[in-house]
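Counting from 1, the numbers follow the sequence of the chain as shown.
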Amino acid sequence: ELLERLLGLPGGNKYGVQGERKVPVLQTNNGPGLTGLMTIAAHLVRQARKDQLLGSTAEEKAVVQQWLEYRVTRVNGGSSKEDTRTILKDLNVHLEDKVYLAGNIFTLADILMYYGLHYIMVDLTVQEKEKYLNVSRWFNHIQHYPGVRQHLSNVIFIKNRLYTNAH
């Protein structure tokens, strides 16, 4: 839903999760449901006619795909502090000479990695943020990209409010 809003799509899609790993599912109005974060995200990007977010050249497309896979396998799968440190270390090295994950262009990989890392980044101490300076720079840059942070803060606010009202 975050990506749907960011892309300016009208909404109305029904989302859910399946299985123990809570794999995202999108039930479309016309046809079978779509399963998996990467599949759903790519579908929404194409629906919004913003294919440039998937990369322009064959190499960019491959790099975007690589980071989307990393997001699903490592970020979604990582739960220990050691996993988190490894993820931040990997990203910090990769972003040493790049503005975005795919080099010099803002892509779907940046959006989904930002959303996936948000809960980690907001809990880092100042010292930890300095240790992963390239990740911190990239994260700060992405959160100022038009629309990215606004939609996330609305969802967090809604979740917090619902949580508060339930207790």
Side-chain angles (χ1 to χ4, degrees), residues 1-9 15 17 21-24 36-46 48 50-57 59-163:
E1 291 173 351
L2 283 171
L3 182 59
E4 190 176 74
R5 278 185 260 161
L6 174 65
L7 294 171
L9 291 169
Y15 295 92
V17 292
R21 297 208 53 206
K22 296 188 176 357
V23 176
L37 180 65
M38 291 172 19
T39 303
I40 294 168
H43 169 74
L44 293 175
V45 165
R46 287 187 190 101
K50 296 189 178 183
D51 287 26
Q52 72 276 11
L53 289 174
L54 299 173
S56 301
T57 65
E59 184 180 88
E60 282 174 2
K61 288 176 185 183
V63 172
V64 169
Q65 188 70 26
Q66 167 191 307
W67 283 108
L68 293 176
E69 286 177 23
Y70 187 91
R71 160 72 202 283
V72 170
T73 58
R74 299 285 294 142
V75 177
N76 289 11
S79 55
S80 72
K81 283 200 180 283
E82 191 169 318
D83 288 340
T84 301
R85 277 195 295 276
T86 302
I87 289 164
L88 292 174
K89 203 167 115 188
D90 287 352
L91 281 170
N92 205 52
V93 169
H94 180 75
L95 290 165
E96 202 168 323
D97 60 350
K98 293 169 191 66
V99 177
Y100 301 103
L101 291 173
N104 295 318
I105 61 160
F106 177 74
T107 66
L108 181 61
D110 294 295
I111 297 166
L112 292 187
M113 191 68 82
Y114 172 84
Y115 289 147
L117 291 175
H118 189 272
Y119 75 99
I120 292 170
M121 295 301 291
V122 296
D123 283 344
L124 291 181
T125 64
V126 172
Q127 291 83 0
E128 288 169 320
K129 286 178 182 168
E130 287 175 358
K131 184 177 179 183
Y132 304 110
L133 204 54
N134 299 323
V135 178
S136 298
R137 171 189 46 78
W138 167 83
F139 186 83
N140 189 47
H141 184 68
I142 299 304
Q143 75 180 356
H144 286 95
Y145 200 86
V148 172
R149 188 159 134 198
Q150 290 86 336
H151 297 305
L152 184 65
S153 58
N154 290 344
V155 170
I156 289 171
F157 173 73
I158 290 167
K159 281 184 182 175
N160 289 341
R161 205 171 96 223
L162 291 174
Y163 178 80

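Scored by the side-chain hydrogen bond (donor to acceptor under 3.5 Å, both in side chains) test, Asp90 finds Tyr70 as partners (sequence neighbours excluded). Here Glu128 pairs with Thr125 under the side-chain hydrogen bond (donor to acceptor under 3.5 Å, both in side chains) rule; sequence neighbours left out. With sequence neighbours excluded, the residues that form a side-chain contact (heavy atoms from CB on, under 4.5 Å) with Ala48 are Leu7, Leu9, Lys50. A search for side-chain hydrogen bond (donor to acceptor under 3.5 Å, both in side chains) contacts involving Glu4 returns Asn13, Tyr15, not counting sequence neighbours. The side-chain contact (heavy atoms from CB on, under 4.5 Å) search around Val17 returns Lys22, not counting sequence neighbours. Judged as a side-chain contact (heavy atoms from CB on, under 4.5 Å), and not counting sequence neighbours, the contacts of Thr39 are Leu34. For Lys129, the side-chain contact (heavy atoms from CB on, under 4.5 Å) test picks out Leu124, Ser136, with sequence neighbours left out. Among residues two or more places apart in sequence or in another chain, the ring pair (Phe, Tyr, Trp, His ring centres under 6.0 Å) test is passed with Tyr132 by none. With sequence neighbours excluded, no residue forms a side-chain hydrogen bond (donor to acceptor under 3.5 Å, both in side chains) with His43.
Remark: Leu54 CG to Gln52 CD distance equals 8.5 Å, nearest 0.5 Å. Rounding to the nearest 0.5 Å places OH of Tyr115 at 11.5 Å from CD of Gln143. Annotation: the span from Met38 atom CE to Leu112 atom CG amounts to 10.0 Å, rounded to 0.5 Å. Residue Trp138 holds its CH2 atom at 8.0 Å from CE of Met121, rounded to the nearest 0.5 Å. Atom CG of Leu88 sits about 11.5 Å away from atom CG of Asn134, to the nearest 0.5 Å. Atom CD1 of residue Ile120 and atom NZ of residue Lys81 lie 10.0 Å apart, to the nearest 0.5 angstrom.
For the pair Ile87 and Arg74, the tightest heavy-atom approach, listed with the atom from each and the gap, is CD1-O, 3.5 Å. The heavy-atom pair separating Leu95 from Arg137 by the smallest distance is O-NH2, 2.6 Å. Across all non-hydrogen atoms, the minimal contact from Thr107 to Ala102 is CG2-CB, 3.9 Å. Pairing each heavy atom of Val135 with each of Asn92, the nearest pair is N-OD1, 3.2 Å.
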**Message:** The test is side chain to side chain contact (heavy atoms under 4.5 Å, CB included); show your working for Val148 and Leu6 and say whether it passes.
**Reply:** CA-CA 6 Å; Val148 172; Leu6 174 65; 4.1 Å; yes
**Request:** Determine, step by step, whether Ile142 and Phe106 satisfy the side chain to side chain contact (heavy atoms under 4.5 Å, CB included) criterion, reporting the C-alpha distance in whole Å, the side-chain angles of both residues, the deciding distance to 0.1 Å, and the verdict.
**Result:** CA-CA 9 Å; Ile142 299 304; Phe106 177 74; 3.9 Å; yes
**Asked** Where do Ile111 and Tyr145 land on the side chain to side chain contact (heavy atoms under 4.5 Å, CB included) test, with the steps shown first?
**Response** CA-CA 9 Å; Ile111 297 166; Tyr145 200 86; over 6 Å; no
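A 6.0 Å sphere centred on NZ of Lys98 holds more than 12 heavy atoms belonging to other residues, nucleotides or ligands. Surrounding CG of Asp97 are more than 12 heavy atoms belonging to other residues, nucleotides or ligands, all under 6.0 Å away.
Counting heavy atoms from C-beta on, the side chains of Leu101 and Leu91 come closer than 4.5 Å. In this structure, Ile40 and Leu3 have side chains that are not in contact, with every pair of non-hydrogen atoms separated by 4.5 Å or more.
Two rings, from His118 and Tyr114, have their centers less than 6.0 Å apart.
Paired with Leu68 under the rule side chain to side chain contact (heavy atoms under 4.5 Å, CB included), one option of Val63, Leu108, Thr73 passes, and it is Leu108.
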